Protein chains: 2
Amino acid sequence: MRSNDVYKRAFNDCLSHIEQLSVGEEIGAEASLARSLSVSRTTVRSVLETLEERRIIADDGRSRRIVRLPIPNDFFPEAETQSVHALIERRFMDFVLEENILPGQQVNALELSRRFSVSPSAIREYLRDFSECGLIERRPSGSWIFVGFDRDFAQELCDVRQIFELESARRFVNFADDDAVWGQLNAIERAHLWLLEDYDARHVEFPHVDNSLHSLINSASKNRFINRFDNLRCLIFHCHYSWNKVDEKERNFVAIHEHLRYIAALRSRDKRAIEDAAIFHLGTARQTLLASLDRRHSRHGEKVEHTPGLSVC
Amino acid sequence: MRSNDVYKRAFNDCLSHIEQLSVGEEIGAEASLARSLSVSRTTVRSVLETLEERRIIADDGRSRRIVRLPIPNDFFPEAETQSVHALIERRFMDFVLEENILPGQQVNALELSRRFSVSPSAIREYLRDFSECGLIERRPSGSWIFVGFDRDFAQELCDVRQIFELESARRFVNFADDDAVWGQLNAIERAHLWLLEDYDARHVEFPHVDNSLHSLINSASKNRFINRFDNLRCLIFHCHYSWNKVDEKERNFVAIHEHLRYIAALRSRDKRAIEDAAIFHLGTARQTLLASLDRRHSRHGEKVEHTPGLSVC
DNA sequence: GTCATGTCTATAGTCGATAAAAGACAGGCG
DNA sequence: CGCCTGTCTTTTATCGACTATAGACATGAC
C-alpha cells in the first residue's frame with residue numbers, strides 16, 4: 001500500500017500557509033490551493049477535510065474561513081512526510097557512512113530491506129536508481145556490489161567534468177546581452193557575497209550555491225547529456241561531502257573566491273580570462289576532492305598511492 | 001512468481017551441447033556443466049532431472065550417459081527462453097515502431113502492461129531502465145512521456161560523442177607496442193574486410209562490428225563515464241536503426257570504408273591523420289543520422305526544419 | 001586430499017492486490 | 001460563460017507472497 005506522504009506534506013504546507021494569515025480570512029478555492037501546493041485537487045480535498053475536522057477552518061457553504069491558527073502539534077511529524085524513496089535514500093547514505101563500506105563489498109538488498117523496514121522491492125528500485133551514478137554495479141546474478149569512491153573514480157569524474165565545463169564556459173560568451181542568464185549570474189554572485197557576509201553561520205549553504213553556478217554555466221552548452229552529467233556530478237559530490245566533512249569550511253571559502261573570479265571572467269566575455277579561471281577552479285576542485293579522499297583512506301589505515309593526475313588536454 | 005527462463009535456456013543449451021556428442025558418451029559433472037552453461041548447479045540439476053525423465057540421458061549411479069539424441073521437439077520454444085525484461089524490451093520496441101509515437105506523447109504504463117500481458121511492476125522497471133538513455137522522461141506525477149528522437153536529440157548526442165571520441169582517439173597513440181589493443185584492432189579490421197567479401201549477405205552484421213571498433217577506441221580514455229556514454233550511444237543507435245532501416249546497406253558500406261581509413265590512421269600513430277579520419281567519420285555518421293531522421297519525419301508529413309549543425313569546436 | 005553429489009538456506013525476480021493520488025466530467029452558482 | 005465543487009475513473013506507489021536461482025555446507029566415493 002503506498003504511503004500517504006504526499007497528503008501529509010501538503011497538509012503541513014497548507015498549515016504553514018495558514019500561519020501567514022489570520023483568523024477569519026478565506027483560504028482560497030480547491031483548484032488554486034492545488035496549484036500552489038503542487039498536488040492534485042483530490043489531495044487538497046483530503047487536506048481540507050482534515051482541517052475542518054480539526055476545527056482549523058470552517059466551511060459555511062459559500063467560503064472556507066480560518067477558525068483558529070495552527071499549533072505545532074497540528075503538523076505531521078517531519079519523518080512521516082518523506083516518501084519511501086527519500087527515506088531509503090537517507091538511510092542508505094547513513095548506512096554507507098557508518099559501516100565504512102569498502103570497494104568490492106557486496107550489497108545485500110534483503111538485509112537492507114530488513115534494516116530499513118521497507119519492502120525488498122523498494123530497496124531494489126532504489127539501488128537501480130542509485131546505480132546510475134556508478135557507485136554500485138549490478139552483477140549478472142542480480143546482486144549488487146559497491147564500486148567505491150576511490151582515486152580513479154574521482155579522477156575520471158573530474159576529467160569528464162573538465163571537458164564538459166570548459167566547453168560550456170567557452171560557449172557562455174555567445175549569450176546575447178539581454179539574455180536572462182546575465183541576471184541569473186548576478187544573482188548567483190550576490191548569493192556568494194551574502195555567504196561571505198556571515199560566513200560562519202552560512203557556509204553550510206555553499207553546496208547549493210555551488211551547484212547553481214555550475215548548472216548555469218553548463219546550461220550554455222544546451223546539451224541534455226552534458227546537463228545530465230552535471231546532475232550526476234552534483235549527486236556524487238553531495239554523497240561524498242556528506243560522508244566527509246573534514247575541512248569543509250576552509251575548502252568552501254577558497255572555492256567562493258575562485259567562483260567570484262570565474263563569474264567576473266564570464267561577465268567580461270574575455271575568452272582567455274574565462275578559460276584561465278575555469279581551469280584554475282576545476283583544478284582546485286579536483287585537488288580538494290583527491291586530498292579529502294586520501295585523508296579518508298589514510299584514516300582507515302589503508303595505503304594511499306599517489307597516481308599522477310591525468311591531464312585531459 | 002518469477003519465470004524459469006534461465007532453466008529453459010540452460011536446458012536448450014544443454015541439448016545443443018548433447019547434439020554435438022553421440023549416444024553412450026558421458027556428459028560431464030554437474031559443476032563443470034554449470035560452468036559451461038553459466039548457471040548455478042541448482043539449475044543444472046533441474047535440467048539433468050528433466051533429461052532423465054525424458055530418457056535423453058541415464059544415470060547408472062557412477063556416470064550420466066546419453067541414451068538418445070534430442071529431436072527438435074525436445075527444445076523449449078524460443079519465446080519461453082526470454083526473460084520478462086527481454087520480452088518487454090522487444091515488444092516495447094515494436095510498439096514504438098508500429099504506433100509511430102510522437103514526441104511529448106504520454107506513455108501509459110498500465111496500458112502497456114495489459115497489452116504485453118505482464119505485470120505493471122515489470123513495465124515500471126523496464127521504463128526506469130529505458131529512461132536512462134534519455135528517450136523517455138518521468139514527470140513529477142510519476143507518469144512517463146516520450147521525448148522522441150528528434151534533430152536536437154541527435155545533434156546533442158553526436159556533439160558529446162565527438163568530444164569524447166576525439167579525446168579517446170588522441171590518446172590511442174599512447175598504447176605500448178605490445179599492448180593487446182593492437183591485436184584487437186587488427187581483428188576488427190579483418191572483421192570489416194570479411195564483411196566486404198560477401199557484403200550482400202553479411203551487411204546486417206555491421207552494427208556489431210561498428211560497436212566493437214568504437215568501444216575499442218573509447219577504451220583508450222580509460223574513463224568509465226566515457227565508456228558508459230558509448231554504451232548508451234550504442235543503445236540509442238540500435239533503437240534508431242531498428243526503427244529505420246532505409247538505406248541501411250548503402251550507409252553501412254560508406255561507413256566500412258571510413259572505418260578502414262580510421263583504423264589505418266590509428267595504427268600509423270600519426271596524430272594528425274587520426275584526427276582527420278575521426279572527424280571525417282564522425283561527421284558522416286552525424287549526417288547520415290540526421291538525414292535518416294529527416295526522411296522519417298517527412299514520411300510522416302511533418303515539416304522538416306534544417307537547423308544548422310552546431311560545431312563542437 | 002580432491003572432486004562429485006545431496007541437502008539446505010538465502011537471495012533475487014515476478015506478480016497481483018490495495019490504498020493513494022491524479023485527473024476527467026458534469027452539474028450548479030455567480 | 002467562467003469558476004467552483006461533488007463524483008467517478010484511471011493510474012501510480014508500495015507491499016507481501018511465491019517461485020526460480022544462486023550459493024554454502026556436509027557427506028561420501030575414489
Side-chain angles (χ1 to χ4, degrees), chain A residues 1-10 26 28-34 37-49 59 61-64 83-88 106-114 117-128 138-144, chain B residues 1-10 26 28-34 37-49 59 61-64 83-88 106-114 117-128 138-144:
Chain A
M1 176 175 63
R2 84 183 284 186
S3 84
N4 58 351
D5 57 287
V6 175
Y7 158 76
K8 286 178 175 164
R9 228 171 312 131
E26 294 191 23
E30 290 174 0
S32 69
L33 276 171
L37 298 173
S38 313
V39 293
S40 70
R41 248 191 71 224
T42 310
T43 305
V44 167
R45 284 172 66 82
S46 312
V47 168
L48 292 177
E49 200 175 347
D59 186 353
R62 52 185 65 211
S63 68
R64 262 178 301 265
S83 70
V84 173
H85 187 92
L87 177 105
I88 295 178
Q106 187 161 341
V107 178
N108 186 326
L110 207 58
E111 194 207 318
L112 288 183
S113 108
R114 281 188 294 261
S117 316
V118 295
S119 79
S121 328
I123 295 286
R124 190 180 153 72
E125 283 229 339
Y126 175 75
L127 292 178
R128 260 183 130 80
R138 206 197 172 75
R139 287 198 303 190
S141 69
S143 58
W144 300 88
Chain B
M1 175 177 61
R2 85 182 283 187
S3 85
N4 59 351
D5 57 288
V6 175
Y7 159 75
K8 286 177 175 167
R9 229 172 311 133
E26 292 191 23
E30 290 174 1
S32 68
L33 275 173
L37 297 173
S38 313
V39 294
S40 71
R41 247 189 74 224
T42 310
T43 305
V44 167
R45 285 172 67 81
S46 314
V47 168
L48 292 176
E49 200 177 346
D59 185 354
R62 54 184 65 208
S63 68
R64 262 178 301 264
S83 70
V84 172
H85 187 92
L87 178 105
I88 295 177
Q106 186 161 343
V107 178
N108 186 326
L110 207 59
E111 195 207 317
L112 288 183
S113 111
R114 281 188 295 259
S117 316
V118 295
S119 78
S121 328
I123 294 286
R124 190 180 153 73
E125 282 229 339
Y126 174 75
L127 292 178
R128 260 183 130 80
R138 205 194 171 75
R139 287 198 303 191
S141 69
S143 57
W144 301 88

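Values in this document were obtained by computation on a predicted structure and should not be read as measured data. We name chains A, B, ... by the order of the sequence lines, and we start the count at 1 in each one.
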Rounded to whole angstrom units, what separation is found between the [atom1] atom of [X] and the [atom2] atom of [N]?
| X | N | atom1 | atom2 | result |
| --- | --- | --- | --- | --- |
| A:Arg45 | D:dT5 | CZ | P | 8 Å |
| A:Leu112 | C:dA10 | CG | P | 17 Å |
| A:Glu49 | D:dT5 | CD | P | 14 Å |
| A:Glu26 | D:dC3 | CD | C1' | 14 Å |
| A:Glu30 | C:dG23 | CD | P | 16 Å |
| A:Asp59 | D:dG6 | CG | C1' | 12 Å |

### Task
Applying side chain to side chain contact (heavy atoms under 4.5 Å, CB included), name anything that partners A:Ala122, two or more places apart in sequence or on another chain.
A:Val84, A:Ile88, A:Val118, A:Ser119
### Message
The criterion is side chain to side chain contact (heavy atoms under 4.5 Å, CB included); which residues satisfy it with B:Ser38, sequence neighbours excluded?
### Response
none
### Query
When you check every protein heavy atom under 4.0 Å of nucleotides 12-22 of chain C, what one-letter string (B, S, -) results, 5' to 3'?
BBBBB--BBSB
### Message
At 4.0 Å (heavy atoms only), tell me whether A:Arg114 reaches a base, stays on the sugar-phosphate, or touches nothing.
### Response
sugar-phosphate
### Task
Would you classify B:Arg139 as touching base, sugar-phosphate or nothing, given that sugar-phosphate means primed atoms plus P, OP1 and OP2, and contacts are heavy atoms under 4.0 Å?
nothing
### Message
Please enumerate all residues that pass salt bridge (Lys or Arg N to Asp or Glu O under 4.0 Å) together with A:Arg124, with sequence neighbours excluded.
### Response
B:Glu125
### Task
Under the salt bridge (Lys or Arg N to Asp or Glu O under 4.0 Å) rule, collect the residues that match up with A:Arg2, sequence neighbours excluded.
none
### Query
Quantified as the angle between the terminal helix axes (five pairs each), what is the overall bend of the helix from C:dG1-D:dC30 to C:dG30-D:dC1 to 10 degrees?
20°
With [X] via side chain to side chain donor-acceptor pair (under 3.5 Å) - residues at least two apart:
| X | answer |
| --- | --- |
| B:Glu49 | none |
| A:Ser121 | none |
| A:Ser40 | A:Thr43 |
| B:Ser32 | none |

### Query
Within the side chain of A:Ser143, is there an N or O that forms a donor-acceptor pair under 3.5 Å with the backbone of A:Arg139?
no
### Query
When you check the gap from the basic side-chain N to the acidic O, do B:Glu26 and B:Arg64 get nearer than 4.0 Å?
no
What pairs of nitrogen or oxygen atoms, one from the protein and one from nucleotides 26-30 of chain C, lie under 3.5 Å apart?
none

### Query
What distance do A:Arg114 atom CZ and A:Asn108 atom CG have between them, rounded to the nearest 0.5 Å?
6.5 Å
